[in-house]
Engineer: 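Sharing a structure here in C-alpha cells format.
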Amino acid sequence: RGLSKKLGLDFHDTDKEIEKDMGKKIAKIFDESGERVFRDVEKKITLKLLDKKNTVIALGGGGFEELKIRKLILNKCNSIWLKCDLNILEKRCRVSKKRPLLSNKNIKAELERLNKIRQKNYSKAKFTIDVSKKINIK
C-alpha cells in the first residue's frame with residue numbers, strides 16, 4: 001500500500017478482493033469451502049488484476065505458487081518478494097488470526113514447511129526486500 005502511494009499508483013490486495021467477491025472473511029472461506037475454492041477464486045481475481053496498468057498488487061503467500069500467475073508476473077510485471085526471517089515471521093503470525101493455513105498448527109513448523117516449498121518460486125521475483133525489520137515507505 002505504501003509503495004502504491006509513493007508511486008501514485010492504484011492498489012489492490014488480492015485477499016481483500018477475494019473477501020469482497022465472496023462476501024466473507026478469508027478464514028471463513030477456508031472453513032466453509034476449503035483451500036481449493038479459495039485458490040480458484042484467488043486465481044480468477046489475480047488474473048483480472050494483472051490486466052490492470054499502473055497498479056500495485058499485494059498477492060497472498062500462496063498466490064505466487066500458481067504457475068499461470070507466476071509466469072504472468074515474472075514476464076510482464078515488476079515483482080517484489082518481501083522476505084522475512086522465519087523467527088520474526090513466527091512472532092508476527094502469532095498475533096494475527098488472519099492466517100488460516102497456520103490455525104491449529106505448530107506455527108513455526110508450518111512456516112518452515114511452507115518456506116521450503118515456496119522459497120524457490122519466491123526467489124524468482126525481480127526484487128527482494130528484507131522486511132524482517134518493518135519498513136515504512138513515506
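Just so you know, residue 1 is the first one in the sequence shown, and it goes up from there. As a basis for the values below, the full set of heavy atoms in this structure was taken, side chains included, without hydrogen atoms, waters or symmetry mates.
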Engineer: So, applying side-chain contact (heavy atoms from CB on, under 4.5 Å) with L86, which one of K91, E112, K108 is it?
Structural biologist: E112
Engineer: Answer yes or no: is there a side-chain heavy-atom contact under 4.5 Å between V41 and M22?
Structural biologist: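 With C-beta onward as the side chain, the pair touches.
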Engineer: Any side-chain heavy atom of N106 within less than 4.5 Å of one from E110?
Structural biologist: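 With C-beta onward as the side chain, the pair stays apart.
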Engineer: Taking the side chain as every heavy atom from C-beta outward, state whether T55 and H12 have any atom pair closer than 4.5 Å.
Structural biologist: yes
Engineer: What are the two closest heavy atoms between R70 and F64, and how far apart are they?
Structural biologist: NH1-O, 2.9 Å
Engineer: Quick check: do K83 and Y122 have side-chain heavy atoms less than 4.5 Å from each other?
Structural biologist: no
Engineer: Quick one: does S132's side chain have a donor or acceptor within less than 3.5 Å of a partner on D85's backbone?
Structural biologist: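 The answer is yes, because a donor-acceptor pair under 3.5 Å joins these two groups.
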Engineer: Check whether any side-chain N or O of N75 sits under 3.5 Å from a backbone N or O of K71 as a donor-acceptor pair, and report yes or no.
Structural biologist: yes
Engineer: Return yes if some donor-acceptor pair links the side-chain N/O of S33 with the main-chain N/O of F30 below 3.5 Å, else return no.
Structural biologist: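 Flag not set: sc S33 to bb F30 has no pair under 3.5 Å.
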Engineer: Using every non-hydrogen atom in the two residues, find where L49 and T14 come nearest and quote the distance to one decimal.
Structural biologist: CD1-CG2, 3.9 Å
Engineer: What are the two closest non-hydrogen atoms of I73 and S79, and how far apart are they?
Structural biologist: CG2-CB, 3.6 Å
Engineer: Considering residues, nucleotides and ligands other than K5, do more than 12 of their heavy atoms fall under 6.0 Å from its NZ?
Structural biologist: no
Engineer: Between S4 and R1, is there a donor-acceptor pair closer than 3.5 Å when you use the side chain of the first and the backbone of the second?
Structural biologist: yes
Engineer: Any side-chain to backbone donor/acceptor pair from E19 onto K25? Under 3.5 Å, distance only.
Structural biologist: no
Engineer: Are more than 12 heavy atoms from other residues, nucleotides or ligands located less than 6.0 Å from atom NZ of K124?
Structural biologist: yes
Engineer: Residues in salt bridge (Lys or Arg N to Asp or Glu O under 4.0 Å) with K28, at least two apart?
Structural biologist: E32
Engineer: Can you name the closest pair of heavy atoms from I45 and I18 and give their distance?
Structural biologist: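 Heavy atoms only, the tightest pair is CD1-CA, 3.6 Å.
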Engineer: Determine the minimum heavy-atom distance between A58 and F11, stating which atoms define it.
Structural biologist: CB-CZ, 3.8 Å
Engineer: Checking the side chain of K76 only, and the main-chain atoms of L50 only, is there a donor and an acceptor separated by less than 3.5 Å?
Structural biologist: yes
